[in-house]
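Model, not experiment: these values are computed from the prediction. Convention: sequence-line order gives letters A, B, ...; per-chain numbering from 1.
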Protein chains: 2
Amino acid sequence: MASGFISRNKQNIIYGLSLALLLLILKWLEWHFVVIQHSFEIYAGTIALLFTILGVWLATKLISRKEKTVVVEKAVYPDSSFILNKTELNRLRISSRELEVLQLMASGLSNQQIAEKLFVSLNTIKTHSSNLFLKLEVERRTQAVEKGKRLCLIP
Amino acid sequence: MASGFISRNKQNIIYGLSLALLLLILKWLEWHFVVIQHSFEIYAGTIALLFTILGVWLATKLISRKEKTVVVEKAVYPDSSFILNKTELNRLRISSRELEVLQLMASGLSNQQIAEKLFVSLNTIKTHSSNLFLKLEVERRTQAVEKGKRLCLIP
DNA sequence: TTCAAAATCACTCAAAAGGGTGAGCTTAAA
DNA sequence: TTTAAGCTCACCCTTTTGAGTGATTTTGAA
């Protein structure tokens with residue numbers, strides 16, 4: 001209860017205490033001012049300095065609570081309309097069956113699932129994908145998908 | 001060159017000007033003090049208040065907020081903006097490190113290559129990717145990439 | 001201070017993926 | 001008819017990936 005209140009209002013309490021401390025310093029300086037009677041500028045300057053520091057300190061304490069934000073810049077998907085790059089397709093000599101496999105690959109299917117979907121054996125899909133990787137000059141299906149999208153072979 | 005100097009030292013210049021302004025106010029208050037001869041506490045309080053505000057303002061201006069920045073570079077798809085779906089990211093409880101791994105996955109890197117790029121062990125990447133698959137409810141990296149793009153977690 | 005999440009790493013085991021080779025079968029072009 | 005390309009499939013072998021478990025350290029927030 002009490003400790004919860006303290007922890008919740010820690011900032012405010014610290015601020016209050018600091019203020020009190022500063023006022024004490026102020027009083028002490030005031031006394032000096034009365035005694036010495038000449039150091040008005042010093043007195044004012046000290047107050048200014050102290051409270052500037054207080055302000056900075058206070059602000060840093062309050063601001064450091066800021067949320068961690070994730071900022072991502074840049075670009076993708078102008079979207080909606082996809083135009084197959086037939087030129088590139090011909091240039092790389094990618095057959096229709098290979099393109100089909102690439103599309104299913106991009107949708108996240110395993111070779112086994114692709115084989116079932118196309119009613120052929122797993123080995124056939126392996127052959128297709130191997131040839132595909134050769135033609136696309138990649139080594140992994142994720143690379144193939146990435147390059148396929150980049151070259152507008154798949155949406 | 002002159003403008004460059006100004007823009008580079010804007011903060012300092014603003015601070016200097018503010019200080020000058022405050023000193024003017026100080027002088028004005030001092031004059032009042034001399035005239036009225038009774039408002040010492042008000043004078044000191046005003047100085048304290050003004051400089052506290054100055055300090056707070058200064059700190060907010062100067063202190064750079066702690067931000068975690070994840071920059072995704074994809075020169076391939078120019079001229080369109082990608083907006084990270086932070087809502088989905090939070091909903092699925094995907095951590096920043098996991099997102100990082102997903103991005104590298106999408107670019108076609110193997111776990112080993114990702115590990116080298118992030119200077120951690122292969123096992124660590126495996127753990128990250130496993131957790132990622134659980135959170136994305138997928139079983140393969142190609143599916144993860146596909147779903148990541150669909151949910152706007154990666155470009 | 002305490003607690004939970006995140007990040008790190010290790011280990012095992014099984015499944016999936018990939019490289020390489022060879023080989024039928026079909027179809028379209030030379 | 002010969003030839004080339006595409007599609008199909010098999011086998012072997014290695015690497016990669018993924019699941020499951022457990023552990024330590026770091027970090028951030030209450």
Side-chain angles (χ1 to χ4, degrees), chain A residues 1-11 61-70 89-102 104-106 108-147, chain B residues 65-68 70 89-102 104-106 108-147:
Chain A
M1 303 261 157
S3 64
F5 175 81
I6 288 174
S7 70
R8 263 196 309 281
N9 297 74
K10 211 174 71 179
Q11 294 294 348
K61 280 291 163 190
L62 292 179
I63 284 174
S64 65
R65 278 273 175 271
K66 276 285 175 187
E67 252 313 290
K68 183 162 48 169
T69 46
V70 180
L89 212 56
N90 290 329
R91 195 180 68 79
L92 297 174
R93 304 188 163 281
I94 291 174
S95 72
S96 63
R97 203 56 161 169
E98 285 161 355
L99 180 61
E100 213 170 344
V101 171
L102 180 58
L104 295 174
M105 246 179 211
L109 298 187
S110 69
N111 285 341
Q112 183 61 59
Q113 291 171 321
I114 295 174
E116 284 162 13
K117 196 153 216 165
L118 299 182
F119 301 106
V120 294
S121 85
L122 173 60
N123 284 313
T124 303
I125 301 303
K126 282 188 171 192
T127 305
H128 283 319
S129 61
S130 273
N131 292 331
L132 200 50
F133 297 159
L134 281 177
K135 292 174 181 177
L136 284 174
E137 296 175 291
V138 298
E139 288 120 31
R140 267 172 297 287
R141 59 216 284 98
T142 41
Q143 275 184 353
V145 169
E146 195 273 336
K147 192 154 190 177
Chain B
R65 241 172 279 151
K66 193 180 179 185
E67 284 188 351
K68 189 140 201 179
V70 181
L89 212 56
N90 290 329
R91 194 179 70 77
L92 297 175
R93 306 186 158 281
I94 292 174
S95 73
S96 61
R97 201 57 159 170
E98 285 160 355
L99 180 61
E100 215 170 341
V101 170
L102 180 58
L104 295 174
M105 243 178 214
L109 299 187
S110 69
N111 286 340
Q112 184 60 60
Q113 290 171 322
I114 296 173
E116 282 163 14
K117 197 153 215 164
L118 298 182
F119 301 107
V120 295
S121 85
L122 173 60
N123 285 313
T124 304
I125 300 303
K126 282 187 169 192
T127 305
H128 283 319
S129 62
S130 275
N131 292 332
L132 201 50
F133 296 161
L134 282 178
K135 291 173 182 178
L136 284 174
E137 296 173 292
V138 297
E139 288 120 34
R140 268 173 298 287
R141 60 217 282 101
T142 40
Q143 276 185 352
V145 169
E146 195 273 334
K147 193 155 189 176

Is there a side-chain contact between B:V145 and A:V145 in this structure, where contact means two heavy atoms from C-beta onward sitting under 4.5 Å apart?
no
Between the side chain of A:K147 and the main-chain N/O of A:L136, is any donor-acceptor distance below 3.5 Å?
yes
The test is side-chain contact (heavy atoms from CB on, under 4.5 Å); show your working for A:L109 and A:E116 and say whether it passes.
CA-CA 10 Å; A:L109 298 187; A:E116 284 162 13; over 6 Å; no
Sugar-phosphate atoms are those with a prime plus P, OP1 and OP2; base atoms are the rest. Using that split, label each nucleotide of nucleotides 10-30 of chain C B, S or - for protein heavy atoms under 4.0 Å, 5' to 3'.
BB-----BBS-----------
Starting at atom [atom1] of [X], determine the distance to atom [atom2] of [N], rounded to an integer number of angstrom.
X: B:N131; N: D:dT21; atom1: CG; atom2: P; result: 13 Å
X: B:L104; N: D:dT16; atom1: CG; atom2: P; result: 17 Å
X: B:F119; N: C:dC9; atom1: CZ; atom2: P; result: 12 Å
X: A:N90; N: D:dG6; atom1: CG; atom2: P; result: 11 Å
X: B:E98; N: C:dA5; atom1: CD; atom2: C1'; result: 11 Å
X: B:I94; N: C:dA5; atom1: CD1; atom2: P; result: 16 Å
X: B:L132; N: C:dT8; atom1: CG; atom2: P; result: 14 Å
X: A:Q143; N: D:dT17; atom1: CD; atom2: P; result: 10 Å

Under the side chain to side chain contact (heavy atoms under 4.5 Å, CB included) test, residues paired with B:L118 that sit two or more places apart
B:R97, B:E100, B:V101, B:L104, B:I114, B:V120, B:I125
Please list, chain by chain and in numerical order, all residues satisfying side chain to side chain contact (heavy atoms under 4.5 Å, CB included) with A:S110, sequence neighbours excluded.
A:Q112, A:Q113, B:R140
Would you mind listing every salt bridge (charged side-chain N to carboxylate O under 4.0 Å, His left out) that reaches into residues 120-139 of chain A, with sequence neighbours excluded?
A:E98-A:K135
Which value, rounded to the nearest 0.5 Å, describes the distance between B:S95 atom OG and B:N131 atom CG?
8.0 Å
Measuring from atom CG of A:L132 to atom OG1 of A:T127, what distance do you get when rounded to the nearest 0.5 angstrom?
12.0 Å
Please name all residues satisfying side-chain hydrogen bond (donor to acceptor under 3.5 Å, both in side chains) with B:T124, sequence neighbours left out, ordered by chain then number.
B:S121
Side-chain N or O of B:S95 versus OP1/OP2 of C:dA7: is the shortest distance under 4.0 Å?
yes
Side-chain N,O (B:H128) to OP1/OP2 (C:dT8) below 4.0 Å
yes
Rounded to 10°, the helix from C:dT1-D:dA30 to C:dA30-D:dT1 deviates from straight, judged by its five-pair end axes, by 60°
